[in-house]
Q: 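Input: one structure, supplied below.
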Amino acid sequence: MTTSSHPLHHAIVIIGGGNAGLSVAARLRKAGKTDIAVIEPREQHIYQPLLTLVGGGCAPARELRRAQADVMPAGVSWIKDSATEVDPEAHRVSLSSGLQIAYDQLVVCPGIQLDFDEVPGMREALQSPNVSTNYLPELAPKTWQLIQATTSGTALFTMPSGPIKCAGAPQKIAYLACDHWQRRGVLDSIRPVLVLPTPAMFGVKEFSDELEKVVERYGIEVHYNSEMTSLDGEAGTATIRDTAAGTSQEISFDMAHVVPPQSAPDWIKESPLAGEDPKGWIDVDKHTLQHVRYPDIFALGDAGSTPNSKTGAAIRKQAPVLVANLLATLKDEPLAESYGGYASCPLTTARGKTILAEFDYTMRPRPSFPFIDTAKERTDMWVLKRHGLPALYWNAILKGMA
């Protein structure tokens, strides 16, 4: 592993050292590619799917992080810097340090941007004692503290409109909170309010029907087709707009877990890589993951334009397709591999219970375990979520073996 301090050229440059970037780098190394660079400024690597469990008091925060140096694939050049611009005509990436990296093939997976400032008051509210979000790793423990401290009043849980990473997470923390309050015997004194921008609990009916049962069991007040448009943490109030009815109301709360709108990073939005969507997603073919205008550029993960749910499980299916198709371009061969939109969302409905929602571009269930009904709440799927998937991530996915 090396750190760059001067302009370089690499055969393959990967922007982003998260799940997507490291999975692709490891697979390319296994395929015999030796001149690979990963651009990643962070010293710590975070396993994001565990954030909800940390916020829900079901996992310790220490399990979230490992040193980036410990998960970087052997033989890959690690450039500890941030990408700020891509010039696809010149085959060049500019870095925040002012350096430039030339490439032959480029993989872009910078992750998603959290747009806290799009909701007036949200960023400031996170500094108040009664508002938190699991979408910032440093605040997930605060969420659990708020849940423990709440014994009465209104508990608000919100989800923004538009694509976000792990779209089930805004619901999952509400269920874990209600399960905790139910176990403590205080749920009857709490008004849980869940704000969803969608007309149903979930985009796949089979899973939506089960989640409706969960909501009924906990007595959660669901506001469909709605989103939070402003937040005052000090006053403990939020404005909720019903987009279908065109009306707004103010809700007072005693605790709130909020989720910001999300988009591609600003520098991607302003680049030639972005498509026409105002969120700025990298414009790739949804099956081959190749950029629609620049054949030497590929993208996967949360910043891509593929219309799948933005989850780690989606990346696990995208990575082998991308690598195979990138290698095919190097040989001037047709792109034979196709990503079908697979995504998975383990919906934790209680401590010890999980629904495993698996689906693809057809928005129909695509179960990996055909002999059991993973659309129901199950203990074995909880064990998979809590213990199996983290082990798979650290020991196999990041090493290009799963």
Side-chain angles (χ1 to χ4, degrees), residues 1 8-40 71-79 83 85-93 101-111 264 268 271-275 281-308 310 312-343 361 396-402:
M1 182 178 68
L8 297 172
H9 170 274
H10 288 278
I12 302 172
V13 172
I14 300 171
I15 298 176
N19 180 353
L22 296 192
S23 298
V24 167
R27 287 177 177 274
L28 287 169
R29 286 289 293 132
K30 288 182 178 298
K33 297 303 170 184
T34 56
D35 188 12
I36 305 166
V38 172
I39 301 171
E40 173 56 58
V71 296
M72 190 67 62
V76 171
S77 296
W78 176 17
I79 301 173
E85 184 181 358
V86 171
D87 184 339
E89 302 295 341
H91 289 213
R92 190 170 58 235
V93 179
I101 311 296
Y103 64 84
D104 298 327
Q105 299 285 324
L106 181 66
V107 178
V108 189
C109 43
I268 290 286
S271 78
L273 304 185
W281 311 119
I282 303 163
D283 201 6
V284 296
D285 182 278
K286 72 176 185 178
H287 295 297
T288 67
L289 307 179
Q290 184 182 47
H291 199 279
V292 297
R293 294 182 296 281
Y294 306 108
D296 53 0
I297 297 177
F298 289 79
L300 76 165
D302 294 347
S305 64
T306 52
N308 55 277
K310 297 180 183 295
I315 292 171
R316 188 170 69 86
K317 295 295 187 179
Q318 290 173 345
V321 171
L322 185 150
V323 169
N325 287 338
L326 187 153
L327 294 174
T329 64
L330 296 176
K331 302 174 184 177
D332 291 323
E333 295 176 352
L335 307 190
E337 295 301 314
S338 179
Y339 169 62
Y342 174 88
Y361 284 145
I397 291 175
L398 293 186
K399 296 178 180 180
M401 299 188 298

Q: Answer yes or no: is there a donor N or O on one side and an acceptor on the other, between the side chain of Q290 and the main chain of P295, under 3.5 Å?
A: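 The answer is yes, because a donor-acceptor pair under 3.5 Å joins these two groups.
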Q: Between atom CG of L106 and atom NE2 of H10, what is the distance when rounded to the nearest 0.5 Å?
A: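 Answer rounded to 0.5 Å: 12.5 Å.
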Q: Is there a side-chain contact between I297 and P88 (heavy atoms, below 4.5 Å)?
A: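 The answer is yes, as the side chains (C-beta and beyond) meet within the 4.5 Å cut-off.
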Q: Which distance, rounded to the nearest 0.5 Å, do you find between the CD of E40 and the CD1 of I14?
A: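 Reported value, rounded in 0.5 Å steps: 11.5 Å.
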Q: Donor-acceptor check, side chain of K310 to backbone of G111, threshold 3.5 angstrom: yes or no?
A: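 Looks like no, no N/O pair under 3.5 Å.
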Q: Taking the side chain from D35 and the backbone from A11, do they hold a donor-acceptor pair closer than 3.5 Å?
A: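 Between the backbone of A11 and the side chain of D35 there is a qualifying donor-acceptor contact (under 3.5 Å).
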Q: Kindly give the heavy-atom pair with the smallest separation between A264 and I268, and that separation in Å.
A: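 What the structure gives for the nearest pair is CB-CG2, 4.0 Å.
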Q: Between T329 and F298, is the side chain to side chain contact (heavy atoms under 4.5 Å, CB included) condition met? List the steps.
A: CA-CA 11 Å; T329 64; F298 289 79; 3.7 Å; yes
Q: Say you draw a straight line from CD1 of I15 to CG of L273; how long is it, rounded to the nearest 0.5 Å?
A: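 Interatomic distance, I15 CD1 to L273 CG, rounded to 0.5 Å: 7.5 Å.
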Q: Quick one: closest heavy-atom pair of V292 and V284, and the distance?
A: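 That closest heavy-atom pairing would be CG1-C, 3.7 Å.
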Q: For the side chain of R29 and the backbone of A74, is there at least one donor-acceptor N/O pair under 3.5 Å apart?
A: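 Confirmed, R29 side chain pairs with A74 backbone.
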Q: Does some side-chain heavy atom of T306 sit less than 4.5 Å from a side-chain heavy atom of Y361?
A: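 A side-chain contact exists here, since the closest heavy-atom pair is under 4.5 Å.
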Q: Measuring only between side-chain heavy atoms, which start at C-beta, is D283 closer than 4.5 Å to H291?
A: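 Result yes, sub-4.5 Å side-chain heavy-atom pair found.
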Q: How close do A328 and L335 get, counting heavy atoms only, and between which atoms?
A: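 It is CB-CD2, 4.0 Å.
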Q: Looking only at atom types and distance, does a side-chain atom of N325 sit under 3.5 Å from a main-chain N or O of E337, one as donor and one as acceptor?
A: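 Side chain of N325 to backbone of E337, a donor-acceptor pair under 3.5 Å: yes, one is there.
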Q: Test side chain to side chain contact (heavy atoms under 4.5 Å, CB included) on Y339 and H287 and set out the steps.
A: CA-CA 5 Å; Y339 169 62; H287 295 297; 5.6 Å; no
Q: Taking W281 for its side chain and G275 for its backbone only, find out whether a donor-acceptor pair lies under 3.5 Å.
A: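 Looks like no, no N/O pair under 3.5 Å.
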Q: If I take atom CG from residue L327 and atom CD from residue Q105, how far apart are they, to the nearest 0.5 angstrom?
A: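 With rounding to 0.5 Å, CG (L327) is 9.0 Å from CD (Q105).
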Q: Can you confirm whether L330 sits close enough to K33 that some side-chain heavy atom of one is under 4.5 Å from a side-chain heavy atom of the other?
A: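 Heavy-atom side-chain distance check passes, below 4.5 Å.
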Q: Give a yes-or-no answer on whether the side chains of H9 and D104 include a donor-acceptor pair shorter than 3.5 Å.
A: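 Yes, D104 and H9 have a side-chain donor paired with an acceptor closer than 3.5 Å.
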Q: Where do G400 and A26 come nearest, in terms of heavy atoms and distance?
A: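 Smallest interatomic distance, heavy atoms only, reads N-CB, 3.5 Å.
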Q: Side chains of D296 and H91: does their closest heavy-atom pair fall under 4.5 Å?
A: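 D296 reaches H91 side chain to side chain.
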Q: Quick one, Y103 and V86 - any side-chain contact, counting heavy atoms below 4.5 Å?
A: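 Contact flag for Y103/V86 side chains = yes.
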Q: Measure across K286 and P307 and return the closest heavy-atom pair with its distance rounded to 0.1 Å.
A: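 Heavy atoms only, the tightest pair is CB-CD, 3.8 Å.
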Q: Just wondering, do I12 and L28 contact through their side chains at under 4.5 Å, heavy atoms?
A: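 With C-beta onward as the side chain, the pair touches.
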Q: Is the closest side-chain heavy-atom distance between I315 and Q318 below 4.5 Å?
A: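 Result yes, sub-4.5 Å side-chain heavy-atom pair found.
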Q: Spell out, as yes or no, whether a donor-acceptor pair under 3.5 Å connects the side chain of S305 to the backbone of I282.
A: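 Yes; judged by distance alone, with no hydrogens or angles, the pair exists.
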Q: Verify, without hydrogens or angle tests, whether S23 (side chain) and A20 (backbone) share a donor-acceptor contact under 3.5 angstrom.
A: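 No, S23 side chain to A20 backbone: no donor-acceptor pair under 3.5 Å.
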Q: Quick check: closest heavy atoms across K317 and Y342, and the distance to 0.1 Å?
A: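 Taking every non-hydrogen atom into account, CG-CD2, 3.3 Å.
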